[in-house]
Amino acid sequence: MKKIFAIALAAVMACGIFAGCGERKDNGGQESTPAGGSSASGSAVEAIKANGKLVMYTNAAFPPFEYLSDETSEAVGVDVDIAQAIADELGVKLVVENVDFDSIVPSIQAGKGDIGAAGMTVTDERKKSVDFSDTYATSIQYIIVPEETEVKSVEDLAGMAIGVQTGTTGDSLINGEVNGYEDDDGNAVQGVLQDTGAEEVQYKSALEATQDLLNGRINAVVIDKMPAEALVAKNDGLKCVELVYADGSKTEESYGICVAKDSDLLDVVNKVIKQLQDDGKIDEFMVNHSNS
Ligand code: ARG
């Protein structure tokens, strides 16, 4: 029994360490190379400079933060622009790896990539595995539904099939409401959608979830505000509303860039974010990528 467990564990760990476990990659056709990690001196910055490249992990299905350009099919967006500024600051080229969202944190933790930039909400859970930069954007969750559906609050999703992107904050929120939570003391707490017939359906991206919404396979999609608005703008017959609870409370989230724990890269990332913010550049990136 123990042995079977050990083998299973080894397989899971191998999947986390080596590339190719079902990940989609997009590095602009360049050969895939490992991230800088840390050099003998323990400096990630030195290793990145020696390698001549900064490896960014993202999931390019989250406009305007990251999406595939219609013209070039390359990953572009606000986060790519920020990462490019970090690469410029380091004097290296930027390599973008487009992977499943839920593999970004483990990849950064394992040193496969240098930075994770994916409209990623800073959460205590993720902070156990990686460090986060200062935040550069805020968001709330949104609900996408067909135009004719009346939804004013989360509670109105009772009985519905709700699509989410695997591993996102929207995923944990809906999972909690559909299946119940545990509070800090480990006590079971009833979710507001529990026992209503509501069900959660996980997708690799909000784009895929939205396709199923259009096909009528699910009734709603929960995802961050700006991607929700972008998806609705691109597809007829849909609308989106803020995710609010019947008591008026809502979710608030802030995005940060993640790096391996205790990495000297964090100071560089924070310095660049501050500079971009002071120069009004991040707002500019948002505007540029919201019109595309
Ligand atoms: N902000 C949400 C989270 O951190 C969703 C991020 C999804 N990002 C993406 N590039 N697909 O969980």
Side-chain angles (χ1 to χ4, degrees), residues 19-20 23-39 43-101 103-120 130-137 205 255-260 263-290 292:
E23 288 172 358
R24 251 181 337 129
K25 297 217 164 183
D26 166 32
N27 60 1
Q30 283 144 356
E31 77 202 51
S32 185
T33 31
S38 51
S39 68
S43 164
V45 170
E46 289 316 312
I48 290 163
K49 287 183 176 166
N51 274 338
K53 65 187 64 135
L54 176 76
V55 182
M56 163 187 176
Y57 267 59
T58 195
N59 170 257
F62 197 74
F65 292 92
E66 43 270 327
Y67 55 99
L68 296 178
S69 148
D70 284 341
E71 292 100 59
T72 65
S73 301
E74 268 177 46
V76 292
V78 175
D79 287 325
V80 182
D81 290 347
I82 297 174
Q84 184 61 58
I86 299 168
D88 291 347
E89 170 74 23
L90 293 163
V92 297
K93 82 172 187 238
L94 176 68
V95 175
V96 181
E97 297 280 349
N98 183 18
V99 301
D100 289 344
F101 181 75
S103 75
I104 298 174
V105 166
S107 298
I108 298 306
Q109 187 183 19
K112 283 164 71 182
D114 299 308
I115 59 170
M120 191 181 285
V130 289
D131 284 344
F132 278 96
S133 71
D134 296 335
T135 56
Y136 60 92
S205 73
Y255 296 167
I257 291 180
C258 68
V259 300
S263 164
D264 60 350
L265 184 56
L266 193 60
D267 285 343
V268 180
V269 173
N270 280 334
K271 182 181 157 197
V272 173
I273 288 177
K274 179 158 194 325
Q275 190 67 54
L276 292 173
Q277 271 168 338
D278 289 351
D279 296 346
K281 284 286 182 191
I282 297 191
D283 293 337
E284 209 176 278
F285 297 161
M286 299 267 197
V287 172
N288 288 347
H289 293 289
S290 296
S292 47

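Keep in mind that this is a model prediction, so the values were computed, not measured.
- A donor-acceptor contact shorter than 3.5 Å links the side chain of Asp79 to the backbone of Gly119.
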Decide yes or no on side chain to side chain contact (heavy atoms under 4.5 Å, CB included) for Ile86 and Ile82, but give the supporting numbers first.
CA-CA 6 Å; Ile86 299 168; Ile82 297 174; 4.2 Å; yes
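- Here the CD1-OH distance, from Ile108 to Tyr57, works out to 7.0 Å after rounding to the nearest 0.5 Å.
- The line from CD of Gln275 to NZ of Lys271 is 8.0 Å long, rounded to the nearest 0.5 Å.
- For the atom pair CG (Leu276) and CD (Glu89), the distance works out to 9.5 Å, reported to the nearest 0.5 Å.
- Judged by distance alone, the side chain of Thr72 and the main-chain N or O of Ser69 form no donor-acceptor pair under 3.5 Å.
- With sequence neighbours left out, the salt bridge (charged side-chain N to carboxylate O under 4.0 Å, His left out) criterion links Lys49 to no other residue.
- By the salt bridge (charged side-chain N to carboxylate O under 4.0 Å, His left out) test, Asp278 is found to be paired with Lys274, residues two or more places apart in sequence or in another chain being considered.
- Smallest separation of non-hydrogen atoms from Asp131 and Ala260: OD2-O, 4.1 Å.
- For Ala118 against Ile104, the heavy-atom pair with the smallest separation is CB-CD1, 3.6 Å.
- Residues meeting the ring pair (Phe, Tyr, Trp, His ring centres under 6.0 Å) test with Tyr255, sequence neighbours left out: Phe65.
- Minimum heavy-atom separation, Met56 to Ala83: SD-CB, 3.5 Å.
- Neither side chain, Tyr67 nor Asn59, offers a donor N or O lying under 3.5 Å from an acceptor on the other.
- In this structure a side-chain-to-backbone donor-acceptor pair under 3.5 Å is present from Ser263 to Leu265.
- Looking at heavy atoms from C-beta onward, Ile257 lies out of side-chain contact with Met120 at the 4.5 angstrom threshold.
- There is a side-chain donor-acceptor pair under 3.5 Å between Gln84 and Asp88.
- For the pair Asp264 (side chain) and Val45 (backbone), a donor-acceptor distance under 3.5 Å is present.
- Here the closest non-hydrogen pair linking Ile273 and Ser133 is CD1-OG, 3.4 Å.
- Panel note: side chain Asp114, backbone Val55; a donor-acceptor pair is recorded below 3.5 Å.
- With contacts defined as side-chain heavy-atom distances shorter than 4.5 Å, the pair Asp100/Ser103 qualifies.
- Asn270 contributes a side-chain N or O that, together with a main-chain N or O of Asp134, makes up a donor-acceptor pair within less than 3.5 Å.
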Full working for side chain to side chain contact (heavy atoms under 4.5 Å, CB included) between Val92 and Asn51
CA-CA 8 Å; Val92 297; Asn51 274 338; over 6 Å; no
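- When all heavy atoms are compared, the tightest approach of Leu54 to Ala87 is CD2-N, 3.9 Å.
- For Glu66 and Thr58, the side-chain atoms include at least one donor-acceptor pair closer than 3.5 Å.
- Between the CG atom in Leu90 and the CD atom in Glu46 there is a gap of 9.5 Å [rounded to 0.5 Å].
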